[in-house]
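Counting convention: from 1, in listed order, for ligands and their atoms alike.
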Amino acid sequence: MTYYSGGNNTVPSASCTAAGGNTGGNTGGNTGGNTGGNTGGNTGGNTGGNTGGSTQNCSAGYVGLTFDDGPNSGTTNQIISALKAANATATVFPTGQNAQNNASLMQAYKNAGLQIGNHSWDHPHLVNMSQSDVQSQLSRTQQAIQNTAGVTPTVFRPPYGEVNGTVNSVASGLGLRVVTWDVDSNDWNNASSSSIRSAAQRLTNGQTMLMHDWPAATVQALPGILQDLQSRNLCTGHISASTGRAVAPAGGSTGGNTGGNTGGNTGGSTGSCTVTGTAVAGESWGDRFNVTYTVSGASNWSVSVNPGSGQSVQSSWNATRSGNTFTSAGNNSFGVTFYSGGNNTVPSATCTAR
Ligand SMILES: [Zn+2]
C-alpha cells in the first residue's frame, strides 16, 4: 500500500486479527464438529464463539467515537483497520459529497459495522441558510448515503455543531436526531496525537467524542485510545437516535455466543457418520419386523432411530440400547426388532460420532 509519510519513512507496524463472533463460532464449531461429533462441535463452537466474539469487558459502559467529514482515501481504511484490530466500532458522519465520490469507502464503513450518520452535503454553515436550502443539504445526503452504503441515517451531526430552529425541524422531518458531542478531541485544530488520546480519557459511559476522518494525528492516536478504553472496561458503541447517547451496538455482544452455538451444533450434528437401515429379508411377521442398521464413517457412534406411526422398538442386538438410542459395542452394524403396528416402513435413523 501507499502511505503518506508526513516526513517519516519508517514502515508502519501492522497487526492481524481474526474476525468476530460468527467467524470464530463457525470455525470452531465446524472443526470441533467434524473431529468429534456433538461434543467436539459444541465445545469447539462455544470456545470459538466466545473467543472470537466478545472478550471485552464492558462493565463501565459504552462510549461513542465519531469521525466526521469522511470518507477519505488517505485515512478511512486506516481508521477501519484500527477499529477492527481492537474489535471496536464507531459512528461516522460523512458529507453527502464525499459519500457520492467515494462509494467503495462508504461500503467499507458499512462492512466494518460502523454506524453511518448525516453531516450535510458540503459542510456549510447551515444556520445562515434558508429552510429549503437546509432541506436540500440534508435530504441529498440521506439519498447519497442510501445509494452508496445502503443504509438510512438516523443521526445528524451539524457542521461546526451549529444548530437553530430551522436545522432542528428539517432534521426531525427527515427522521434524524441532531447529535453534537461531549468531548472535543480538537483534532480539527491541529491537536497532537497524544493530546487526542488524552481527550478520550475523559469519556464516561454514554458520552461521545468528536474526531475526524482526515487528520493524521487521529489515525495515529486511535490504537492508543482503544487500548485505554479497554483498560477502563469501556466499550465502543453506537449513538442512540432516541437518547443521543452512546449505547451497545445492536446485536453486538451476542454475536460470539450465537456464532458459537450455531457453529457448534451444526458442526456437531453433520459431523462424521452416516447410518442406513435395511429391512432383513424374510424377517417380517404379523406384528413385528427386523431391520439392520449399518453405520459408516465412525467406529464409535450413537444412532437414534425414529419409529413411525404405530411402531416401537421391541428388542435389539449388537448394540447397547437406551430407549430409541443405540451406541456401538464394537460393530458397525446392529439390528432392531420393531413392533409394526401395521406399518412396515423401515424407521429412519440419525448417526452421531462420539
Ligand atoms: Zn465536519
Side-chain angles (χ1 to χ4, degrees), residues 63-80 82-83 89-103 105-106 108-110 112 114-129 133-146 148-149 151-164 166-168 170-172 174 176-193 195-196 199-200 203 207-222 225 236 238-239 241 244 246:
V63 299
L65 301 182
T66 67
F67 298 91
D68 293 7
D69 304 351
N72 288 300
S73 55
T75 48
T76 294
N77 285 327
Q78 296 175 76
I79 287 170
I80 288 173
L83 291 169
T89 190
T91 304
V92 290
F93 290 100
T95 59
Q97 196 170 59
N98 280 355
Q100 190 178 58
N101 292 335
N102 297 279
L105 292 177
M106 289 297 290
Y109 275 160
K110 166 77 185 327
L114 307 187
Q115 180 184 20
I116 302 176
N118 184 317
H119 195 43
S120 82
W121 181 258
D122 59 3
H123 218 277
H125 291 277
L126 293 172
V127 292
N128 300 333
M129 298 175 81
D133 285 347
V134 172
Q135 176 77 34
S136 162
Q137 282 281 330
L138 272 61
S139 62
R140 287 172 71 200
T141 303
Q142 289 294 86
Q143 195 58 56
I145 292 171
Q146 177 66 53
T148 53
V151 297
T152 303
T154 58
V155 289
F156 169 66
R157 159 122 345 127
Y160 315 101
E162 295 172 349
V163 186
N164 61 11
T166 305
V167 171
N168 274 324
V170 167
S172 128
L174 289 168
L176 289 165
R177 180 181 181 105
V178 176
V179 295
T180 53
W181 53 83
D182 299 293
V183 174
D184 185 350
S185 69
N186 275 296
D187 66 340
W188 53 273
N189 196 22
N190 245 339
S192 67
S193 67
S195 125
I196 295 168
L203 284 166
Q207 291 191 329
T208 57
M209 180 161 91
L210 175 66
M211 291 183 283
H212 292 82
D213 185 347
W214 54 262
T218 302
V219 172
Q220 208 183 329
L222 188 53
I225 290 172
T236 51
H238 290 165
I239 300 174

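- Under the salt bridge (charged side-chain N to carboxylate O under 4.0 Å, His left out) criterion, Asp69 pairs with no residue, sequence neighbours left out.
- A distance-only check finds a donor-acceptor pair linking the side chain of Gln137 to the backbone of Trp121 [under 3.5 Å].
- Atoms of the protein (N, O or S only) found under 2.8 Å from the Zn ion (ligand 1) are Asp69 OD1, His119 NE2, His123 NE2.
- When the side-chain hydrogen bond (donor to acceptor under 3.5 Å, both in side chains) test is applied to Gln220, no partner is found at least two apart in sequence or on another chain.
- Of the listed residues (Ile196, Asn190, Asn189, Asp187), just one forms a side chain to side chain contact (heavy atoms under 4.5 Å, CB included) with Pro215, and that residue is Asp187.
- Here the rule is side chain to side chain contact (heavy atoms under 4.5 Å, CB included) with Thr76, and of Tyr109, Trp214, Phe67 only Tyr109 fits it.
- Listed by chain and number, the residues in a side-chain hydrogen bond (donor to acceptor under 3.5 Å, both in side chains) with Thr75 are Asp213 (sequence neighbours excluded).
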